[in-house]
Asker: 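Below is the structure I would like to discuss, written out as structure tokens.
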Amino acid sequence: PVTTTQAPVTTTPIPAQNMKDFSEALRLSQLFYYAQRSGQLPADNPIPWRGDSALNDCVTGGWYDAGDHVKFGFPMAGALTVLLWGAERFKEGYHNASQTDTMYDTVKWGLDYLLNAWDPFTDQLVIQVGDGDIDHQFWGRPEDMNMTRPCIKISPQRPGSDVAGETAAALAAGAMVYEEKGD
């Protein structure tokens, strides 16, 4: 028989000045998504310097990507999937940080956009709003945009299984999280 011994476990208390405030980190990370919002913002929007933007887009709402003003479906759906899995897996952490309601509000904004990006009558999914080349020539606030914002769509005739699959994953994760919530 093989016998093993474990080294004794020792812990060193962390000085109070080195303690991390994970509740604040979670709050601030969710605030990032509020700052990236596109569309008509609610009256209780927590970013006071942001206003309504891109109200004439083919699909309003959603989040801007990478500090510019294009809305890309694939990274938006990917971010939502990760946020929703985090909400599912670490719901106690959100609760302990008093961030559960903020989490639901954050992911609802993205989920609503993805739902609106799908047109069941034409079997088309909007996967991008805006043109990166044109957008990158504009260094202003999204509220001040006036450039053309084309839509790129996928369909059975113009496939995009990667973005369609990630969108489906985000919506499925959203269904799980909201079903558990009771919505």
Asker: Inspect the surroundings of CD in Q40 and state if more than 12 heavy atoms from other residues, nucleotides or ligands are less than 6.0 Å away.
Answerer: no
Asker: Less than 4.5 Å apart, any side-chain heavy atom of N45 and any of Y34?
Answerer: yes
Asker: Which atom pair, heavy atoms only, marks the closest approach of I154 to A164?
Answerer: CD1-CB, 3.9 Å
Asker: Ignoring hydrogens and angles, tell me if any N or O in the side chain of Q124 forms a donor-acceptor pair with the backbone of V126 under 3.5 Å.
Answerer: no
Asker: Mind checking whether W109 and L171 sit in one hydrophobic cluster, side chains of I, L, V, M, F, W, Y counted as touching below 4.5 Å?
Answerer: yes
Asker: Mark yes or no for whether N116, through its side chain, and V59, through its backbone, hold a donor-acceptor pair below 3.5 Å.
Answerer: no
Asker: In terms of heavy-atom contacts, does CG of D144 have more than 12 from other residues, nucleotides or ligands at under 6.0 Å?
Answerer: yes
Asker: Got more than 12 heavy atoms from elsewhere within 6.0 Å of CH2, W118?
Answerer: yes
Asker: Quick check for you: to the nearest 0.5 Å, what is the distance between L125 atom CG and T167 atom OG1?
Answerer: 5.0 Å
Asker: Quick one: pull up NZ in K71 and OG1 in T60 and give me the separation to the nearest 0.5 Å.
Answerer: 6.5 Å
Asker: Look at the rings of Y178 and Y104 and say which category their plane angle falls in: under 30° parallel, 30 to 60° tilted, over 60° perpendicular.
Answerer: tilted
Asker: Does any part of the side chain of K91, heavy atoms only, come nearer than 4.5 Å to the side chain of E180, both counted from C-beta?
Answerer: yes
Asker: Any side-chain to backbone donor/acceptor pair from T100 onto H95? Under 3.5 Å, distance only.
Answerer: yes
Asker: Which heavy atom in W85 sits nearest to a heavy atom in A173, and how many Å separate them?
Answerer: NE1-CB, 4.2 Å
Asker: Return yes if a side-chain donor-acceptor contact under 3.5 Å exists between T81 and E166, otherwise no.
Answerer: yes
Asker: Got a second to check how far N146's CG is from F138's CZ, nearest 0.5 Å?
Answerer: 7.0 Å
Asker: Quick one: NZ on K108 to CE on M103, what's the gap to the nearest 0.5 Å?
Answerer: 13.5 Å
Asker: Compare every heavy atom of R50 with every heavy atom of A35, then report the nearest pair and how far apart it is.
Answerer: O-NH1, 2.7 Å
Asker: Quick check: do K153 and R158 have side-chain heavy atoms less than 4.5 Å from each other?
Answerer: no
Asker: For the backbone of W49 and the side chain of R141, can you confirm whether one donor and one acceptor N or O come within less than 3.5 Å of each other?
Answerer: yes
Asker: How about D65 and W63: do any of their side-chain heavy atoms sit closer than 4.5 Å?
Answerer: no
Asker: Test D105 against R37 for salt bridge (Lys or Arg N to Asp or Glu O under 4.0 Å), laying out the working first.
Answerer: CA-CA 12 Å; D105 189 50; R37 281 182 169 183; 3.2 Å; yes
Asker: Looking only at heavy atoms, what is the nearest atom pair of P46 and P48, with distance?
Answerer: O-CD, 3.2 Å
Asker: Quick one: are L111 and L84 in side-chain contact, heavy atoms under 4.5 Å?
Answerer: yes
Asker: Using 0.5 Å steps for rounding, measure from the CG atom of D68 to the CD atom of Q137.
Answerer: 12.5 Å
Asker: CG of L31 to CD of E24: how many Å apart, nearest 0.5 Å?
Answerer: 9.0 Å
Asker: Using side-chain heavy atoms (C-beta onward) and a distance below 4.5 Å, is L114 in contact with L80?
Answerer: yes
Asker: With a 4.5 Å cut-off on side-chain heavy atoms, are Q30 and Y94 touching?
Answerer: yes
Asker: Would you check if the side chain of R149 reaches a backbone N or O of A54 as a donor-acceptor pair within less than 3.5 Å?
Answerer: no
Asker: So which heavy atom on V70 is nearest to which on Q128, and how close?
Answerer: CG1-CG, 3.9 Å
Asker: Looking at H136, I want to see if its NE2 is surrounded by more than 12 non-hydrogen atoms of other residues, nucleotides or ligands under 6.0 Å.
Answerer: yes
Asker: With no hydrogens and no angle check, is any side-chain donor or acceptor of S29 less than 3.5 Å from a backbone partner on L26?
Answerer: yes
Asker: With a 3.5 Å cut-off and no angle check, do the side chains of Y113 and S38 form a donor-acceptor pair?
Answerer: no
Asker: Could you check whether any side-chain heavy atom of C58 comes within less than 4.5 Å of a side-chain heavy atom of V129, counting everything from C-beta outward?
Answerer: yes
